[in-house]
Amino acid sequence: MGAIQATRGTRDILPDEVRYWQRVESIARDLLQRAAYREIRTPLFEQTDLFERGIGEATDVVGKEMYTFKDRGDRSLTLRPEGTAGAVRAYIEHNLQAQGGVQRLWYTGAMFRYERPQAGRQRQFHQLGIEVLGSADPRADVEVMSIAIDILHSLGLTNLYLDLNSVGNASDRQSYRQALVDYLTPYQADLDPDSQTRLTRNPLRILDSKDPRTQEITQNAPSILHHLSPASQQHFDRVQQLLSDLSIPYQLNFRLVRGLDYYTHTAFEIQSADLGAQATVCGGGRYDGLVTELGGPDTPAVGWAIGLERLILLLQKLQPVPTSAPDIYLISRGDAAEAQALLLAQRLRQTGLAVELDLSGSAFGKQFKRADRSGAIVCLVLGDAEAETNTVQVKWLATAEQESIAQADLLSPSAAFYQRLTQISQDPNY
RNA sequence: GCGAGCGUAGCCAAGUGGUUAAGGCAGAGGAUUGUGAUUCCUCCAUCCCGCGGGUUCGAAUCCCGUCGUUCGCCCCA
């Protein structure tokens, strides 16, 4: 063959699928705007250092999944593997805290991680994320969770599960880490190989292991929920209380440990029962230490990211492709008629109508067939006879009713034609 | 990075060593040089079965490599 293909882990989103993306984007944008979140757009690449400091050098994302390269000025740059670090960098750089109070931000766009591709996991993938900066209030934690759920529900998704945990503050985690290591060390030889190495490097992640023997061992491991400081406990209790007040169902999961170092206190994931191994649609939590870690003022923060490919996968399973039919399908035959049709199509569009012009030049029979299949409400016919009299045959496709109308009479919003057309297109039963 | 499966047209798909690679959907043209259903006819893989190499008198079919993809692990959204 020899033709060039999209590179591994990347893919084209073709027009039929794009309709799902547009639907997600418009529903999310609308909902976020109503909740006073403002969109932010940050660069696709940043200095490598930003992610190393922000995400944590010990994490897999930084350690082995980043697209890092030197530019021609010998700077080490990295294609963003997630959106939070860039948003926080912009928040600090532009002094957004100086605008006072709480900053609510959202973003969407491509992210890059060098991973083994799988359904719901590409090397270039897309996230929609939100961040609330400047509030330590448990209500902020619950607000972001409820917005995520609202977005998913508005898209018609069900079968979703909210898993909740608290990883406490830094010193809570320190004491828990010690307790966990103390508990696990006697079992060291029985742990799976990955978990054995994590015992010294990142013991909390052992709780996430899917190895059956390891899970058996961690079954009775101490829970972080017993190592929370009074303040952390109070925060977490309040979060749970507020979730209940909003009737948002959740389940506590002390094994839930997010992979990125910057999380504190609340950690959560929304999973779908309708996906395979990559079941997490939305993940997030509180990250009170990140802003100072990146050189900004002490600023509490909470947010999440939704994996859009996974979301689209779910939508495609449950809903038929939303169709996009034109209002008018315009067919024509003969030189004069074809020229008039091109002009008429343009003018009709200027009145706000959606018009598809048949360019085939084939027999009227074929063009009518295509008009029918296009799903248009009305078919306009322009042949030699109409061209001579500057008229057009108007055929209402649902009823086969046909009338001859002067071209000029189609173009006014007050015209009977326009009125009837918009009335039909607004009829939900059509 | 590890393990396993799969790769025939835009889509679905038969063929599993022997002359011209089934069929369906979609598409194009025509019967119907101006009216949408149905029907009928014709066309739609001719250095070719993802790509490269090997075995064989003969390969879509067997072997090796490679690329892509799927499932699981790892990780994450």
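Only this structure's heavy atoms are used, side chains among them; waters, hydrogens and symmetry mates stay out. Chain identifiers are assigned alphabetically (A, B, ...) following the order of the sequence lines, protein sequences preceding nucleic acid strands; residue numbering begins at 1 within each chain.
- Atom OH of A/Y114 and atom P of B/C2 are 10 Å apart (whole Å).
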For a salt bridge (Lys or Arg N to Asp or Glu O under 4.0 Å) check, start with the C-alpha distance between A/R11 and A/E17, then their side-chain angles and the critical distance, and finish with the verdict.
CA-CA 12 Å; A/R11 50 191 286 274; A/E17 186 185 334; 2.7 Å; yes

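- The same atom, P, is picked in B/A26 and in B/A60; the two are 30 Å apart, to the nearest Å.
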Passes salt bridge (Lys or Arg N to Asp or Glu O under 4.0 Å), A/R80 versus A/E82? Steps please.
CA-CA 5 Å; A/R80 62 183 185 194; A/E82 53 93 56; over 6 Å; no

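- If you check every strand for non-hydrogen atoms under 4.0 Å, A/A371 touches nothing.
- Within the 4.0 Å cut-off from OP1 or OP2 of B/C76, at least one side-chain nitrogen or oxygen of A/R205 is found.
- Atom NZ of A/K366 is separated from atom P of B/A28 by 8 Å (rounded to the nearest Å).
- In this structure, A/G383 reaches the bases: a heavy-atom distance under 4.0 Å links it to at least one base atom across the strands shown.
- Comparing B/G29, B/G36, B/A77 by their closest approach to the side chain of A/S362 singles out B/G29.
- Only the P atoms considered, B/A22 is 10 Å distant from B/A45, to the nearest whole Å.
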How would nucleotides 65-74 of chain B be written as a contact map, 5' to 3', with B for base contact, S for sugar-phosphate-only contact and - for no contact, using protein heavy atoms under 4.0 Å?
--SSBBSBBB

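- Residue A/E82 is out of contact with every strand shown, counting any heavy-atom pair closer than 4.0 Å.
- When the P atom is used for both B/C6 and B/G15, the distance is 15 Å, rounded to whole Å.
- One atom, CZ of A/R123, and another, C1' of B/C76, lie 15 Å apart when rounded to the nearest Å.
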Give me the distances for all protein-to-nucleotides 6-9 of chain B N/O pairs that come in under 3.5 Å?
none

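- Taking the P atoms as reference points, B/G72 lies 26 Å from B/C64, given to the whole Å.
- Ion pairing between a basic and an acidic side chain is recognised when a charged N comes within 4.0 Å of a carboxylate O; A/E39 and A/R41 show such pairing.
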Pair up each side-chain donor or acceptor in residues 147-159 of chain A with any protein partner under 3.5 Å, not counting sequence neighbours, and list the distances.
unit_1: A/H153; atom_1: ND1; unit_2: A/L157; atom_2: O; d: 3.4
unit_1: A/S154; atom_1: OG; unit_2: A/D150; atom_2: O; d: 2.8
unit_1: A/N159; atom_1: ND2; unit_2: A/D274; atom_2: OD1; d: 3.4

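- Side-chain atoms of A/Q47 and A/S76 include no donor-acceptor pair closer than 3.5 Å.
- Atom OH in A/Y287 sits about 13 Å away from atom P in B/A77, given to the nearest Å.
- For the pair A/L330 CG and B/G34 P, the interatomic distance rounds to 16 Å; values are reported in whole Å.
- Each of B/G34, B/U35, B/A77 was ranked by its minimum atom distance to the side chain of A/Q402; first place goes to B/U35.
- Considering only residues two or more places apart in sequence or on other chains, A/W21 meets the ring-ring contact (aromatic ring centres under 6.0 Å, His included) condition with A/H126.
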For salt bridge (Lys or Arg N to Asp or Glu O under 4.0 Å), just list the numbers for A/R213 and A/D192, CA-CA rounded to whole Å, side-chain angles, deciding distance to a tenth of an Å, and then say yes or no.
CA-CA 8 Å; A/R213 178 65 187 131; A/D192 61 277; over 6 Å; no

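- When the shell of 6.0 Å around CD of A/E388 is examined, it contains 12 or fewer heavy atoms from other residues, nucleotides or ligands.
- When all heavy atoms of A/F254 and A/P222 are compared, the closest pair comes out as CE1-O, 4.0 Å.
- Protein atom CD of A/Q367 is 19 Å distant from nucleotide atom P of B/U32, rounded to whole Å.
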Please report, to 0.1 Å, the donor-acceptor pairs under 3.5 Å made by any side chain of residues 110-118 of chain A, with sequence neighbours excluded.
unit_1: A/R113; atom_1: NE; unit_2: A/P81; atom_2: O; d: 2.7
unit_1: A/R113; atom_1: NH2; unit_2: A/P81; atom_2: O; d: 2.9
unit_1: A/Q118; atom_1: OE1; unit_2: A/Q278; atom_2: NE2; d: 2.7

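- Among residues two or more places apart in sequence or in another chain, the ring-ring contact (aromatic ring centres under 6.0 Å, His included) test is passed with A/Y161 by none.
- Partners of A/R89 by salt bridge (Lys or Arg N to Asp or Glu O under 4.0 Å), not counting sequence neighbours, listed by chain and number: A/E46, A/E93.
- Atoms CG (A/L380) and P (B/G34) sit 18 Å apart, rounded to a whole Å.
- Taking 4.0 Å as the cut-off between side-chain N and carboxylate O, A/R349 and A/E356 do not count as a salt-bridged pair.
- For A/Y287, the ring-ring contact (aromatic ring centres under 6.0 Å, His included) criterion is met by A/Y262, not counting sequence neighbours.
- Rounded to whole Å, the separation between the P atoms of B/A9 and B/G50 comes to 8 Å.
- Minimum atom distance to the side chain of A/K395 is reached by B/U35, of the listed B/G34, B/U35, B/C76.
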In dot-bracket form, how is RNA chain B paired, counting a Watson-Crick or G-U wobble pair only if both its distances are under 3.5 Å and using | for bases paired to another strand?
((((((((.[[[..)..(....]]].(((((.......)))))......[[[[[..)....]]]]])))))))....

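- The pair A/E401-A/R420 counts as a salt bridge, with a side-chain nitrogen and a carboxylate oxygen less than 4.0 angstrom apart.
- Not one N or O on the side chain of A/D163 forms a donor-acceptor pair closer than 3.5 Å with the backbone of A/E269.
- Comparing the same atom, P, in B/G65 and in B/G58 gives a spacing of 23 Å after rounding to whole Å.
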Tabulated below should be each protein N or O lying under 3.5 Å from an N or O of nucleotides 25-27 of chain B; please produce it.
unit_1: B/G27; atom_1: OP1; unit_2: A/R373; atom_2: NH1; d: 2.4
unit_1: B/G27; atom_1: OP2; unit_2: A/R373; atom_2: NH1; d: 3.3

Can you list the steps and then say if A/D182 with A/Q178 is a side-chain hydrogen bond (donor to acceptor under 3.5 Å, both in side chains)?
CA-CA 6 Å; A/D182 289 347; A/Q178 193 53 53; 3.1 Å; yes

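- For the P atoms, the distance linking B/A31 with B/G36 amounts to 14 Å, nearest Å.
- B/C71 and B/C62: their P atoms are spaced 24 Å apart (whole Å).
- Residues of residues 103-110 of chain A that place a heavy atom closer than 4.0 Å to RNA chain B do not occur.
- With sequence neighbours left out, the ring-ring contact (aromatic ring centres under 6.0 Å, His included) criterion links A/F364 to no other residue.
- What separates CG of A/L207 from C1' of B/C76 is a distance of 17 Å, to the nearest Å.
- Nearer the 5' end of RNA chain B, as judged by each residue's closest nucleotide, is the contact made by A/E386, out of A/E386 and A/G307.
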